[in-house]
Amino acid sequence: MSTNPSMIPRPPPSAQTPAWQRALAQAITDPLELLRRLDLPPEPGPGTLQAHRGFRTLVPESYLARMRRGDPRDPLLLQVLPQNAEVIERPGFLADPVGDRGALAAPGLLHKYAGRVLLVTTGACAIHCRYCFRREFPYGELQASRDWDDALTYIRAHTGITEVILSGGDPLALPDRRLADLVRRLETIDHLRRLRIHTRLPVVLPERVDAGLLAWLGTGRLAHVLVLHANHPREFEAPAGAALAKLRASEVTLLNQAVLLAGVNDDPDTLCELQQAGFAAGVLPYYLHLLDRARGTGHFEVDERRARALHAMLRERLPGYLVPRLVREIAGAPSKVPVPDDRDKPAGIDPARVGKARAFSIR
Ligand SMILES: *Cc1c(COP(=O)(O)O)cnc(C)c1O
Ligand code: SF4
């Protein structure tokens, strides 16, 4: 039984295998090779190999290509290189930090929030992110059945559900045949209006955006929303840019959510550039998440005070539509929980400025 995405067997490539699956089969799975390829000394710290054994290294070549050689602090590298810090137990960092187990409505189907359900389609991913909150998700036990039947029966019976969210793992790690079949079956459920897909593949393995994907994505009765996960502006760069251009030309709404990660994106310039690079690629910001406190991820945590200050800075520097909502997930809450930023405190109101603003208002 698999206990994390690293244990999902990857099929051996054949002539019919799409290029993206072949690229995935060739992804780097050895942390020492990763270091060597970046001209870094292949001398992992004492806990690195232990961390790697717990959650295996997985880095596609196209992601590696965007890392800077010779920089052990590269923000893309830090997201994927197993660290000593992961094997240090920290109080409050848990195997199931967001209470997913308690929200299971059917095998693989999480129903936490009104109107939308989340389907755990697969445990596989194209990259293994060290900060992942589902590092220890018991996929073997909890992912949806191969035929989706139980999940579809539940969705059909609950007419208040208007949106199905495909999650995982990464749903786009599944072959198009299976995804297209699932989408066709969802379309037969009248009360559904939207299909949302949370994925990191177009960013980390741009080869995934191919004719097979575009044949079904953005087509059909349901409105399709793709929520990308990019944490650093360089993740939007080539070769991801071309993949995003193809998605942009399809009938899909593109959003991005990021996790606020120490050493990766916890500074105002990087966060600002992330939103602007996304916009240039046709992607609007959605959420900026505080880290879910999964075991082994404590070294990525940015404390809340700093997170609020960073978010206030984003509001000052960017147009409103480029400011992601700062949220955290709290087990049992009826939605993601907004984190108020420093600017939400009652501000000192300058009467002179208020008067000036009024002069422009329409009466
Ligand atoms: C995050 C999440 C959603 C989606 O929440 P939105 O605020 O609509 O993005 C839905 N279901 C589950 C179980 C989730 O964890
Ligand atoms: S963060 Fe997403 S893509 Fe990365 S390992 Fe976790 S589920 Fe997979």
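Counting begins at 1 with the first residue of the sequence. Atoms within a ligand are numbered from 1 in the order they appear, just like the ligands themselves.
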Could you pull out, from Cys129, Ala126, Cys132, the option with a heavy atom nearest to atom 4 (Fe) of ligand 2? Cys129
Which bit of Arg116 gets closer than 4.0 Å to ligand 1, counting heavy atoms only: side chain, backbone, both or neither? side chain
Is it true that atom CD of Glu251 has more than 12 heavy atoms of other residues, nucleotides or ligands lying nearer than 6.0 Å? no
For Asn265 and Asn231, indicate whether the former's side chain and the latter's backbone hold a donor-acceptor pair under 3.5 Å. yes
Inspect the surroundings of CZ in Arg178 and state if more than 12 heavy atoms from other residues, nucleotides or ligands are less than 6.0 Å away. yes
Which of the atoms in ligand 1, numbered in the order shown and given with their element, are less than 4.0 Å from a heavy-atom of Lys112? 13 (C)
If the cut-off is 4.0 Å to any non-hydrogen atom of Tyr287, which atoms of ligand 1 fall inside it? 6 (P), 7 (O), 9 (O)
Just say parallel, tilted or perpendicular for the rings of His158 and Tyr154, cut-offs at 30° and 60°. parallel
Tell me whether Phe93 at atom CZ has more than 12 heavy atoms from other residues, nucleotides or ligands lying less than 6.0 Å away. yes
Could you check atom 9 (O) of ligand 1 against the protein and tell me its nearest heavy-atom contact, residue, atom and distance included? Tyr286 OH, 2.6 Å
Considering heavy atoms of the protein only, find what lies nearest to atom 12 (C) of ligand 1 and give residue, atom and distance to 0.1 Å. Leu118 CD1, 3.7 Å
The answer for which part of Glu329 has a heavy atom under 4.0 Å from ligand 1 is side chain
Describe, in one word, how the ring planes of His229 and His198 are oriented to each other, choosing from parallel (under 30°), tilted (30 to 60°) and perpendicular (over 60°). perpendicular
Does some side-chain heavy atom of Thr297 sit less than 4.5 Å from a side-chain heavy atom of Arg135? yes
Arg196 and ligand 1 - part of the residue with a heavy-atom distance under 4.0 Å: side chain
Residue, atom and distance of the protein heavy atom nearest atom 4 (C) of ligand 1 read Ile165 CD1, 3.6 Å
Test salt bridge (Lys or Arg N to Asp or Glu O under 4.0 Å) applied to Glu61 and Arg66, Arg22, Arg37, the passing residue: Arg37
Please could you name the atoms of ligand 2 that Gly169 approaches to less than 4.0 Å, counting only its heavy atoms? 7 (S)
Show the nearest heavy-atom pair for residues Pro338 and Lys336, with the distance to one decimal. CD-O, 3.5 Å
Leu110: numbered ligand 1 atoms lying under 4.0 Å from its heavy atoms: 13 (C)
Please say whether Lys336 places an N or O atom under 3.5 Å from an N or O atom belonging to ligand 1. yes
Considering the heavy atoms of Cys125, write down every atom of ligand 2 situated less than 4.0 Å from one of them. 3 (S), 5 (S), 7 (S), 8 (Fe)
